[in-house]
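Structure first, then comments.
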Amino acid sequence: MTALPAHGCLRSLALPRLWLRNLRRTTSVAASSLPDPLTDEAPLPLPSDDVMPRSRPATASSMYFPKKNQTLELECLSLAFKGKGVCKVADTGFVVMCDRALPGERFIGRVTRRKGNYAEVTKLETIAPHWDIVEAPCEYASNCGGCKMQNLLYEAQLRAKEQQVHELIVHVGRFSKDDLELHNLMKPIVPCDVQYHYRNKMEFSFGSQRWLPKEFLGEKLNGPDKYALGLHAPGFFDKVLDVKKCLLQSDPANRVLEAIQDCWKDPELSLSPYDVHSHTGFLKHLMLRTGRDVETSLPELMVNFVTSSYEPELLKPLVERISSFPEVVSIVNNVNTSIGNTSVGEKEYTLYGKPTIKEVLRGLTFQISANSFFQTNTQQAEVLYKLIEDCAGLKGDGSEIILDLFCGTGTIGLTFARRVKHVYGYEVVPQAISDARVNAELNGICNTTFVQGDLNKIDENFGRNFPKPDVVISDPNRPGMHMKLIKFLLKLRAPRIIYVSCNPATCARDLDYLCHGVAERNIEGCYELKSVTPVDMFPHTPHIECVCRLELR
């Protein structure tokens, strides 16, 4: 695996101080709409003014504020949260955010809204392309919001992600650049060797309203022609971009998708897509999961139809069509009768084959059901888990206790179990805990305890049911950790914490709390940050994983 340059080799951003101040207080640029770890209702508070950079006197450029619908000439400097481009207005330096703008690109944009001390714009015309432009191999890349960075050279994607993590660790986490460089705390981003066909799970939506590019908006679609099976168009909950092939999923999954696309709109089958406005229709989602046969290592595929009612006779033609594929070993039907459009059903029926598939991860076998939580990129999960293990610094003598917070189906804890005394895992989702216990039994692992519970609602009794851990592994979802959990960890004082994050903004915030404390609440931090390693789990998307090692001071 090729090591890429660390942050010291990246282009620095001279962002206006007011914009950074706004980022520090609300993280509206880095992580919009984050729930508060301090309370259940109030907006997310980041560190107070006394620890923020002092604002400079207002200058002409910092006071400049474009009006809505104003047309501007812009230059993109870097990428921020959700892959939005951080841009500056020519001659003023005022910062705006633009979707699908890439570093080095100069373009004309229209202001769509003002937000705090920055604005958001829509790109109208490119004047000069970005530095590392490449041709996107996917025909849907310009319209699909799933992997919108395909036209950016992969090495440039990595640089942008690494820089984003570095900026957040400094400006939100309050770790000085000098300390990061002096102690080599920021590690180079770990690239993904496989940049396409890496997802083992894809969820497509059936839609009654097909989304069309602007050049085809004048066309009138009638009957089944207006139906779609694919991905929601960016910004639309009711319009679906028709997709016949996705370069992120496996080849067998694409063959199944194509077979379904070829026949599901046939009027003779009487299949109708679910309409999110009228709440009528039958087909809601198509979920394709790729696993691996444990003995042969050949791919095995699960097809999950999510429908509004249980009518297996309607699905029978599709089942007969796709069950002929040798890779398809499971076809299930999740029935979701609610008006909501989620892919998890109240009941599940097996229409063909077996109800689960399997996958091998770090030498362990995992059983995967239609709604199981499992790492979406199996190959890169191997790399991620090895990194977590290296950071944990396990002795390997079977003497240590692991506390696995937000454990999901137990994949991280189970891969450590044979080297430690005991693993205690906590997760809020009951099905995930059930899967974790099944997976432990499947692999003959007896030194694990998986407990269902909400880590955002722990009380003073939490921690009495397990001994003091030697290592805490915390892998929260995007909102990060609640202050109740952070206070518990500060009181627990485990020797090491390995913080695994899918959101660098909330990760930086929580690292700040664990290391520096929260002055306004008289909470003192007691940990020292030893390393931050970004990991690219999902190439061509803005998502970034981070593995952080903290040691008790």
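Count residues from 1 along the sequence.
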Check whether [X] reaches the backbone of [Y] with its side chain - one donor and one acceptor, N or O, closer than 3.5 Å.
X	Y	result
Ser308	Gly281	yes
Asn503	Arg478	yes
Gln163	Leu158	no
Gln261	Leu229	yes
Gln70	Lys67	yes

For [X], I'd like to know if atom [atom1] has over 12 heavy atoms of other residues, nucleotides or ligands within 6.0 Å.
X	atom1	answer
Glu313	CD	yes
Phe373	CZ	no
Lys358	NZ	no
Gln379	CD	no
Lys148	NZ	yes
Lys386	NZ	no
Glu311	CD	yes

Any heavy-atom pair between the side chains of [Y] and [X] that's under 4.5 Å?
X	Y	value
Leu248	Cys147	yes
Tyr140	Lys244	yes
Tyr196	Pro137	yes
Val500	Glu545	yes

Which pair of heavy atoms, one from [X] and one from [Y], lies closest together, and at what distance?
X	Y	result
Gly83	Pro542	N-CB, 3.1 Å
Tyr352	Val328	CE2-O, 3.5 Å
Val332	Ala370	CG2-CB, 3.9 Å
Ser369	Arg289	O-NH1, 3.2 Å
Met97	Ala80	CE-CB, 3.6 Å
Glu320	Ser323	O-OG, 3.3 Å

Indicate whether the side chain of [X] and that of [Y] have a donor and an acceptor atom separated by less than 3.5 Å.
X	Y	value
Tyr154	Asp132	no
Glu346	Thr337	yes
Thr290	Asn200	no
Asn336	Thr342	yes
Thr411	Thr409	no
Tyr499	Asp510	yes
Thr112	Glu120	no
Thr126	Glu105	yes
Asn334	Glu348	yes
Asp435	Ser372	yes

Check your understanding: Checking salt bridge (charged side-chain N to carboxylate O under 4.0 Å, His left out) for the pair Glu139/Lys245: CA distance, chi angles, key distance, verdict?
Key -> CA-CA 9 Å; Glu139 61 181 296; Lys245 181 179 182 180; over 6 Å; no
[atom1]-[atom2] distance between [X] and [Y], expressed to the nearest 0.5 angstrom:
X	Y	atom1	atom2	value
Ser78	Glu167	OG	CD	7.0 Å
Trp211	Leu241	CH2	CG	6.5 Å
Ile260	Leu318	CD1	CG	6.5 Å
Lys68	Arg110	NZ	CZ	11.5 Å
Arg100	Asn151	CZ	CG	8.0 Å
Leu79	Leu152	CG	CG	6.5 Å

Check your understanding: How far apart are the C-alpha atoms of His130 and Phe107, what are their side-chain angles, what is the distance that settles it, and do they pass the ring-ring contact (aromatic ring centres under 6.0 Å, His included) test?
Key -> CA-CA 10 Å; His130 54 88; Phe107 63 97; over 10 Å; no
Exercise for review: May I ask you to check whether Tyr198 and His540 place their ring centers less than 6.0 Å from one another?
Suggested key: no
Exercise for review: Please confirm whether His285 and Tyr274 have ring centers closer than 6.0 angstrom.
Suggested key: no
Exercise for review: Determine, stepwise, if the pair Leu283 / Ser272 fulfils side-chain contact (heavy atoms from CB on, under 4.5 Å).
Suggested key: CA-CA 6 Å; Leu283 296 169; Ser272 59; over 6 Å; no
**Study point:** Identified side chain to side chain contact (heavy atoms under 4.5 Å, CB included) partner of Ile331 from the options Val256, Asn304, Leu351, Thr350
**Key:** Leu351
Point to revise | Matching residue for Ser205 among Lys284, Lys239, His232 - test: side chain to side chain contact (heavy atoms under 4.5 Å, CB included) | key: His232
Practice item. Just do the salt bridge (charged side-chain N to carboxylate O under 4.0 Å, His left out) check on Arg292 and Glu359 with the steps written out, would you? Key: CA-CA 5 Å; Arg292 203 176 352 163; Glu359 181 57 279; 2.8 Å; yes
Exercise for review: Step by step, work out the side-chain contact (heavy atoms from CB on, under 4.5 Å) result for Leu257 and Asn254.
Suggested key: CA-CA 5 Å; Leu257 173 62; Asn254 273 323; 4.3 Å; yes
Exercise for review: Might you work through the side-chain contact (heavy atoms from CB on, under 4.5 Å) test for Val240 and Phe206, ending with a clear yes or no?
Suggested key: CA-CA 7 Å; Val240 176; Phe206 291 93; over 6 Å; no
Exercise for review: May I ask you to check if Lys265 and Tyr227 form a cation-pi contact, with NZ or CZ under 6.0 angstrom from the six-membered ring centre and within 45° of the axis?
Suggested key: no
Review point. Going through the distances and angles, do Val303 and Leu288 end up as a side-chain contact (heavy atoms from CB on, under 4.5 Å)?
Key: CA-CA 5 Å; Val303 182; Leu288 302 175; 3.9 Å; yes
